[in-house]
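The structure under discussion appears below in the form of structure tokens.
Numbered from 1 within each chain, the chains take letters A, B, ... in sequence-line order.
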Amino acid sequence: MPLSDPLPKNFDFLTAEPKLYSHWEQQGMFRAEPDRPGPPFVIVIPPPNVTGNLHMGHALDVTLQDILIRYHRMKGDNTLWMAGTDHAGIATQAVVERSLAAQGIQRRELGREKFVAKVWEWKKTYGSNISRQLRRLGASLDWSRERFTMDEGLSEAVQEVFVTLYEQNLIYRGERIINWCPSCRTAVSDIEVEHETHQDHLYYIKYLARDLEPLIVATTRPETLFGDTAVAVNPDDPRYQGYLGKTVLVPLTGRQVPVIFDSYVDITFGTGALKVTPAHDPNDFTLGRSHKLPSILAISETGILTDAAGPFAGRDRLEARGDILEALEREGLWVKTEPLEHAVGHCYRCRSRIEPLVSMQWFVKAGPLAETAAQAVRDGRITLVPASWEKTFFEWMDNIRDWCVSRQLWWGHQIPAWHCPSCGAVIVERQAPQACPNCLGPMERDPDVLDTWFSSALWPFSTLGWPKDTPELRRYYPTSVLVTGFDIIFFWVARMMMMGLKLMDDVPFRQVVLHPLVRDAHGQKMSKSKGNVVDPLEILDQYGADAFRFTLASQAGPTRDLRLDAKRIEGYSKFVNKIWNAARFALTNLNEAQTAAEDTPAPEALVMPQSLPDRWIRSRLVGLTAKVTEELEAFNFDRYCDAIYQFTWYEFCDWYLELIKPILYGSTEAASALKAGTLANLRLVFSDLLALTHPVMPFVTEELWSNFAEGPLMLAAFPAARTEDLDPESEKLIGFLMDVTKAVRQARSDFRVPPGAKVSPIVSVGDQALAELLTKEGPLLLKLMGADCLRLAAAGETAPKGTASNVLSWGEVWTPVLSHVDPLAEAARLGKEKAKLEKDIGAAKAKLQNPGYLAKAPAEVVEETREKLEDFEARLTLIDRTLGMFGSLGE
RNA sequence: AGGCGUGUAGCUCAGGGGGAGAGCACUACCCUGACACGGUAGUGGUCAAGAGUUCAAAUCUCUUCACGCCUACCA
């Protein structure tokens with residue numbers, strides 16, 4: 001009789017997860033020590049926004065990193081997973097600003113100093129949210145080293161890098177056309193602009209010329225005409241040769257501007273005449289530079305029209321458009337309007353329409369840095385996984401433009417530059433200067449802050465203590481792997497490469513693992529407006545971290561989308577339950593054995609498994625261990641999960657545990673002799689399985705581990721493949737026994753044998769060895785096939801009258817036919833099977849008669865086809881015989 | 001406009017030159033002493049279309065179609 005349950009019936013993850021996590025953390029198991037031995041394995045977390053909440057992207061990213069970190073920690077590497085958060089300039093400032101506005105406080109009224117203090121307060125209150133949420137996922141981050149991009153040390157790193165790059169002429173200040181977000185009221189970089197295709201209009205407007213026909217230009221933004229300082233045509237355009245050296249009148253302004261000739265202008269677009277607004281269009285800016293045109297600001301930093309717009313001054317640029325067109329029409333200068341589809345830039349933060357405008361900003365000269373970074377990928381010092389991203393990466397790196405790094409915000413790293421209001425001098429220094437070096441007057445610090453991504457770019461070394469020379473920096477840089485979504489290759493990954501190579505003179509990481517983006521069950525991007533956002537915290541509450549992590553990892557292949565379906569998570573939560581119950585089974589038997597002293601497993605039983613099922617599962621475990629290691633090393637998280645799932649469920653539970661039951665429960669002498677060895681083997685195989693599964697399902701495996709082995713699983717050795725356990729013979733034999741079992745089950749099902757009824761299958765086996773095997777190991781199978789005995793067919797024995805047949809490639813199995821079988825239905829089913837067999841036979845025969853096939857196909861392929869043909873034909877014979885029998889039954 | 005990617009069972013996807021696979025869903029039966037969050041047996045597909053290479057193509061090549069995504073200075 002089994003003892004009382006050693007474990008509750010299900011895994012209570014809501015109780016167990018926090019308990020296990022705080023134990024790990026309190027025992028310092030996440031903590032890395034530079035002086036510990038072992039090859040370093042280092043990952044820096046992509047720092048989440050300090051005021052953010054856990055979303056699906058984090059959940060996936062962190063799960064994959066934790067799998068790698070736990071695997072390497074168990075392997076014995078000196079493992080560091082750096083924790084930290086990002087100050088997230090615009091995002092955080094906007095959040096705090098909104099919260100203050102709700103209390104009726106305006107940022108500008110508050111003033112810079114007080115506002116920044118409010119943000120710090122905010123960070124203090126909400127900054128640990130995200131870390132708490134990451135803990136719930138089981139992330140084994142080294143919290144003792146947690147960093148924040150605005151920490152003192154990291155701020156020092158930012159300043160040091162800025163000054164160094166400035167000194168090397170890799171940072172400059174200049175008046176350029178930049179992307180301006182009128183709503184955030186700051187400059188943003190090129191990649192922070194999202195282009196969206198819009199159904200827009202192309203407006204044709206007359207620019208009057210003295211003594212000549214009016215020039216008609218086409219524009220999508222008529223409101224910018226107040227900033228026009230020229231009209232451009234192509235020098236090869238025959239229509240406009242007469243305008244050389246002439247001027248035209250900008251509508252509504254009374255201003256004469258020159259007609260310039262430039263091959264940039266596309267003769268075929270619109271009218272071939274282009275209005276030039278250097279202050280508000282990147283191309284026009286370039287044209288303006290090369291033709292030395294003045295620049296007139298028509299749109300202000302808040303998106304309203306400037307005084308240059310005359311009567312329209314002070315109005316929003318988009319809202320005024322209609323009235324401007326009306327005014328043009330009244331003057332007879334509007335020609336026509338055509339629909340036009342074109343891309344319009346939007347701020348990636350606030351979605352408002354970006355206005356290009358000329359402004360004084362700081363820039364990083366990206367060309368030389370990008371070249372070095374691209375080189376590191378070209379020569380393999382950094383590899384991208386999957387490698388298909390390389391082309392996109394090079395495309396961007398080879399055409400990179402300078403990076404506008406100044407932001408007109410208050411929250412962030414203030415630029416270490418000082419201006420002299422009296423003489424205009426600008427200096428960049430590590431320390432605030434006492435006075436202007438030119439005129440000795442007082443200096444003012446540049447009010448701008450740096451792009452958030454500037455400090456993120458330093459993350460792999462700033463978090464390790466740079467610019468100080470620390471043990472961590474020496475031990476852990478370069479880091480090993482960077483895991484992130486492909487959406488921030490340009491924002492972050494490329495810039496870390498540039499900065500790392502520049503400042504550390506070495507790559508920041510050796511491999512970049514780019515994972516998919518999480519979408520909803522229908523492949524739609526999750527967004528608040530669509531209402532399809534799934535909150536990871538709810539998933540964690542409902543299904544637990546292990547099932548959630550397994551779901552994410554099992555879908556993290558080299559694709560771009562990861563469709564998250566609650567049904568799948570539910571499915572894997574059942575897998576957690578399966579593991580839990582396999583443990584209950586194992587423990588019940590192990591505990592029972594322990595109470596009976598004579599059954600205590602002998603140590604030597606561990607070395608050499610005795611029974612066939614034990615030999616088999618040990619051999620299969622070698623394969624699993626090798627596969628798991630291989631897939632983890634190659635970042636094939638999906639295949640790793642698949643291997644674990646298939647083995648655990650279909651080999652370990654469905655077959656191994658069932659096959660050893662006769663040994664564990666049996667009272668025969670043979671069973672007793674094997675029992676101790678089987679129990680020892682069960683313990684060994686199951687603990688290995690727990691260890692192999694731990695990286696992806698840390699909680700349930702750790703919880704169960706203490707019942708099977710000493711110490712924390714988290715720090716246990718990752719199983720190595722015991723190749724000496726490889727046992728092809730046992731795999732072949734068990735394969736045979738499985739075939740017999742399945743055939744009998746199928747026959748039972750086909751002939752509707754009631755579940756309770758025992759059958760007495762007669763098995764005919766061609767091979768003497770297999771016959772002996774069946775005699776010896778047959779008892780293990782009886783329960784699985786619902787038989788009371790298993791009889792070998794005598795030589796030449798055929799199906800007795802009144803029995804039906806099924807067939808296997810190796811022989812035949814008969815089971816008694818029950819009277820309630822519906823002959824018509826069975827005949828129909830067999831007829832279908834027969835048709836398929838005949839088709840297969842025809843195909844195989846055709847192959848074997850094909851001279852080309854015989855000559856060119858590999859010998860083993862041909863041999864295989866021959867065997868198949870024999871098999872098919874044998875089965876066909878049996879089916880015919882059965883059909884004949886049904887014929888006689890019908891009479 | 002270029003680049004990348006994807007089209008395989010009702011759904012989500014794996015596979016990747018020699019008999020079309022998994023999970024979920026569905027059908028039938030079963031509470032057998034780990035698990036009904038379970039078990040057994042099934043149903044279900046011109047592997048997007050066309051052409052080519054090959055003894056052999058879902059798989060390789062080309063073309064087409066559909067759907068995604070990214071990059072871009074067409075006003």
> Is A:K627 paired with A:E631 through a side-chain N to carboxylate O contact shorter than 4.0 Å?
Replying inline: yes

>> Of the options B:rG68, B:rA34, B:rG38, whose atoms approach the side-chain atoms of A:R560 most closely?
In response: B:rG68

> So what's B:rG23 paired with, Watson-Crick or G-U wobble, going by both distances under 3.5 Å?
Replying inline: B:rC11

>> Using a 4.0 Å heavy-atom cut-off, does A:D654 contact any base of the nucleic acid, only the sugar-phosphate backbone, or nothing at all?
In response: sugar-phosphate

>> Can you check the distance between B:rG3 and B:rC11, where both ends of the measurement are the P atom (answer in whole Å)?
In response: 32 Å

> Contact class for A:N850 vs. all strands (heavy atom < 4.0 Å): base, sugar-phosphate, or nothing?
Replying inline: sugar-phosphate

>> If the threshold is 4.0 Å, N to carboxylate O, is there a salt bridge linking A:E863 and A:K868?
In response: no

> Base, sugar-phosphate, or nothing: which does A:A855 touch, judged by heavy atoms less than 4.0 Å apart?
Replying inline: nothing

> Under 6.0 Å between the ring centres of A:Y640 and A:F550?
Replying inline: no

> Given the side-chain rings of A:H346 and A:H198, with only the six-membered ring counted for Trp, is the space between their centroids under 6.0 Å?
Replying inline: yes

> Between B:rA56 and B:rG2, how far is it from one P atom to the other, in whole Å?
Replying inline: 36 Å

> For B:rC60, which nucleotide is its Watson-Crick or G-U wobble mate, given both distances must be under 3.5 Å?
Replying inline: B:rG52

> Picking from B:rC35, B:rC37, B:rG3, which would you name as closest to the side chain of A:R584?
Replying inline: B:rC35

> Base, sugar-phosphate, or nothing for A:L202, non-hydrogen atoms under 4.0 angstrom?
Replying inline: nothing

>> Would you measure the distance from the P atom in B:rU6 across to the matching atom in B:rC13 and give it in whole Å?
In response: 13 Å

> Between the base of B:rC35 and the side chain of A:K578, is there a donor-acceptor distance below 3.5 Å?
Replying inline: yes

>> In this structure, how many angstroms lie between the C1' atom of B:rG5 and the NZ atom of A:K391, rounded?
In response: 13 Å

> So does A:D520 pair up with A:R563, basic N to acidic O under 4.0 Å?
Replying inline: no

>> Rounded to whole Å, please give me the gap between CH2 in A:W396 and P in B:rA72.
In response: 9 Å

List, with names and distances, any nitrogen or oxygen atoms from the protein found under 3.5 Å away from nitrogen or oxygen atoms belonging to nucleotides 13-21 of chain B.
unit_1: B:rC13; atom_1: OP1; unit_2: A:R563; atom_2: NE; d: 3.3
unit_1: B:rG15; atom_1: OP1; unit_2: A:R639; atom_2: NH2; d: 2.8
unit_1: B:rG18; atom_1: O2'; unit_2: A:K847; atom_2: NZ; d: 3.3
unit_1: B:rG19; atom_1: OP1; unit_2: A:K868; atom_2: NZ; d: 3.3

> Are A:Y543 and A:F548 near enough that their ring centres are under 6.0 Å apart?
Replying inline: no

> Expressed as a whole number of Å, how far does the C1' atom of B:rU54 sit from that of B:rC60?
Replying inline: 10 Å

> Expressed as a whole number of Å, how far does the P atom of B:rG45 sit from that of B:rG38?
Replying inline: 27 Å

> Within the structure shown, what part of the strands sits under 4.0 Å from A:R745 by heavy-atom distance: base, sugar-phosphate, or nothing?
Replying inline: sugar-phosphate

> Considering only the P atoms, how many Å lie between B:rC70 and B:rA57, rounded to the nearest integer?
Replying inline: 38 Å

>> What's A:Y650 touching, base or sugar-phosphate or nothing? Going by heavy atoms closer than 4.0 Å.
In response: sugar-phosphate

> Which whole number of Å gives the distance between the C1' atom of B:rG19 and that of B:rA58?
Replying inline: 14 Å

> Could a donor-acceptor pair under 3.5 angstrom be found where the side chain of A:E658 meets the base of B:rA34?
Replying inline: yes

> Does A:D237 come within less than 4.0 Å of A:R239, counting only side-chain N to carboxylate O?
Replying inline: yes

> Taking the side chain of A:K783 as heavy atoms from C-beta outward, which of B:rU32, B:rA75, B:rA34 is closest to it?
Replying inline: B:rU32

> Do the ring planes of A:F635 and A:F637 sit parallel (below 30°), tilted (30 to 60°) or perpendicular (above 60°)?
Replying inline: tilted

> Are A:R560 and A:F486 in a cation-pi setup, meaning NZ or CZ lies under 6.0 angstrom from the ring centre and within 45 degrees of the ring axis?
Replying inline: yes

> Does any nucleotide pair with B:rC67 by Watson-Crick or G-U wobble geometry, both distances under 3.5 Å, and what is it?
Replying inline: B:rG5

> Touch check for A:K9, heavy atoms < 4.0 angstrom, all strands: base, sugar-phosphate only, or nothing?
Replying inline: sugar-phosphate

> Distance between the C1' atoms of B:rC67 and B:rU8, in whole angstroms?
Replying inline: 16 Å

> Base, sugar-phosphate, or nothing for A:Y665, non-hydrogen atoms under 4.0 angstrom?
Replying inline: base

> How close or far is atom C1' of B:rC70 from atom CD1 of A:I488, stated in whole angstroms?
Replying inline: 15 Å

